[in-house]
Colleague: 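Supplied in structure tokens, the structure appears directly below.
Just so it is clear: chains get the letters A, B, ... in the order the sequence lines come, proteins before strands, and each one is counted from 1.
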There are 2 protein chains.
Amino acid sequence: MSGDTDQASPTRAERRHRSEAAILTAARALFAEHGFERTTIRAVADRAEVDPALVMQNFGSKNALFEAAARWAVPTEGLVLADRSELPRAALQHVLDSFDDVDRRPEAEALLRSALTHPAAQAQLRDHVMGETQERVAATIGGPDAELRAALLNACTLGLTISRYLIGVQVLADADPRDLKRILEPALESIVDSP
Amino acid sequence: MSGDTDQASPTRAERRHRSEAAILTAARALFAEHGFERTTIRAVADRAEVDPALVMQNFGSKNALFEAAARWAVPTEGLVLADRSELPRAALQHVLDSFDDVDRRPEAEALLRSALTHPAAQAQLRDHVMGETQERVAATIGGPDAELRAALLNACTLGLTISRYLIGVQVLADADPRDLKRILEPALESIVDSP
DNA sequence: GAATTCGCTCTACGTTTGTTGAGTGAAATC
DNA sequence: GATTTCACTCAACAAACGTAGAGCGAATTC
């Protein structure tokens with residue numbers, strides 16, 4: 001048998017795949033912690049125990065590496081709902097799911113960390129992540145203020161995410177998710193449907 | 001008369017003051033637009049029509065220049081109130097005042113833009129700006145969840161600020177302040193006092 | 001088993017960065 | 001009016017950056 005996870009007989013495709021994975025993991029961690037500008041290709045290579053030039057060869061450029069490493073999945077379920085009252089819960093749950101999961105967090109944090117300084121990250125967050133979410137939420141909300149309300153819902157959850165996970169506001173970082181939901185959900189509901 | 005605003009006989013103190021002011025203004029604009037890491041001392045000097053070395057001589061280092069240029073005033077009034085119901089209005093008004101004022105905005109935006117990537121800016125925002133605000137708001141709110149509610153109030157207004165002014169979410173950037181208040185204030189009130 | 005592909009490393013280029021120290025000329029001091 | 005102070009400029013340094021190209025050795029192909 002050709003070893004799947006063993007180190008015996010590392011085939012060429014395996015080696016390449018492992019290298020790319022190691023580089024991506026290292027890149028995500030460093031981009032997430034320090035942002036795009038403060039992360040160097042050499043640091044990524046060191047962390048991945050790989051030659052710096054290999055990073056270039058596999059991903060082409062630092063920008064391409066970032067785009068491959070930094071993503072924030074847009075929730076596919078729960079946003080387009082018949083019942084608008086479930087919307088706040090879904091939105092809140094999505095950010096908690098993304099960032100309390102140790103595996104998914106670096107990917108999202110890498111994008112968010114650089115969203116204010118790196119033009120590509122900013123565009124990605126604005127147009128892709130927030131934009132698509134806003135569209136779906138607005139469609140569910142309906143009415144004249146739908147887009148504005150959707151954008152405000154997004155803004156509040158973004159503020160929570162940044163404060164809790166990126167800036168590290170103690171009270172929020174230590175807070176139990178249940179308490180966050182208990183206090184924030186009614187507020188978000190008020191954004192969705194008010195006078 | 002010694003000319004106050006004239007160009008006649010620029011005294012030594014005047015020259016220094018004008019240089020520092022020009023440098024600070026240029027630095028604020030660039031820090032606000034591109035963030036700390038993407039802003040170079042040479043670019044600041046060029047914009048201020050000044051020699052790069054003069055920036056170093058007047059401020060010591062790039063970090064010191066940033067600390068002198070990037071501030072976000074903590075609201076002194078309106079947060080410690082007898083009536084908690086006025087709190088959301090005050091908090092919301094404060095961010096709109098800070099960022100819709102063309103003169104005050106760059107100072108605050110410079111700090112906020114780098115708050116996720118520059119350690120000093122992050123500490124400044126977390127401990128000084130948000131920290132002090134949170135203390136005062138929590139004191140006004142009172143009760144067991146006071147600090148958590150205060151932090152969440154902060155988080156939401158931060159999210160709005162970032163979305164509207166830094167990321168440039170269209171719907172929010174174009175929105176009339178009155179509409180923002182109309183929809184967001186009830187939500188913030190719900191954060192301050194709910195079950 | 002020879003030829004070839006290809007993942008990978010080594011070395012180095014060119015640019016940009018923050019920062020420094022010597023030098024200059026005009027304002028301030030006496 | 002000579003001396004000193006000081007805002008300011010010039011030139012350059014050392015380090016770090018993203019990136020490119022030649023070469024090596026083992027896996028793959030024939």
Colleague: If you assign each of N63(A) and N58(B) to its closest nucleotide in DNA chain D, which residue comes earlier from the 5' end?
Modeller: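 Closer to the 5' end of DNA chain D: N58(B).
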Colleague: Between R182(A) and D145(B), is there a salt bridge with N-O shorter than 4.0 Å?
Modeller: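 Salt bridge flag = yes for R182(A) with D145(B).
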Colleague: I need the L111(B) CG to R28(B) CZ distance, nearest 0.5 Å.
Modeller: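 Answer rounded to 0.5 Å: 12.0 Å.
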Colleague: Whole angstroms only, please: what is the CZ-P distance between F59(B) and dT20(C)?
Modeller: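 That distance rounds to 16 Å.
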Colleague: Where is the tightest heavy-atom contact between G35(B) and T117(A), given as atom of each residue plus distance?
Modeller: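 Scanning both residues, the minimum pair turns out to be CA-CG2, 4.2 Å.
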Colleague: Could you tell me how far apart L54(A) (CG) and dT19(D) (P) are, to the nearest whole angstrom?
Modeller: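 Result: 15 Å.
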Colleague: How long is the line joining CD1 of I41(B) and P of dC8(D), in whole Å?
Modeller: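 Taking atom P of dC8(D) as the reference, CD1 of I41(B) is at 16 Å.
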Colleague: Are the charged groups of R164(B) and D100(B) less than 4.0 angstrom apart, N to O?
Modeller: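 Yes, R164(B) and D100(B) are salt-bridged.
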Colleague: Has the side chain of R12(B) got a donor or acceptor atom sitting under 3.5 Å from an opposite partner on the base of dT5(D)?
Modeller: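 Pair found.
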Colleague: Tell me: CG of D51(A) to C1' of dA22(D), nearest whole Å?
Modeller: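 It is 14 Å, rounded to the nearest whole Å.
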Colleague: Figure out the CZ/C1' separation between R16(A) and dA26(D), and round it to whole Å.
Modeller: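 About 16 Å, once rounded to whole Å.
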Colleague: Using atom CD of Q57(A) as one end and atom C1' of dC6(C) as the other, report the distance to the nearest whole Å.
Modeller: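 Rounding to the nearest Å, CD of Q57(A) and C1' of dC6(C) are 8 Å apart.
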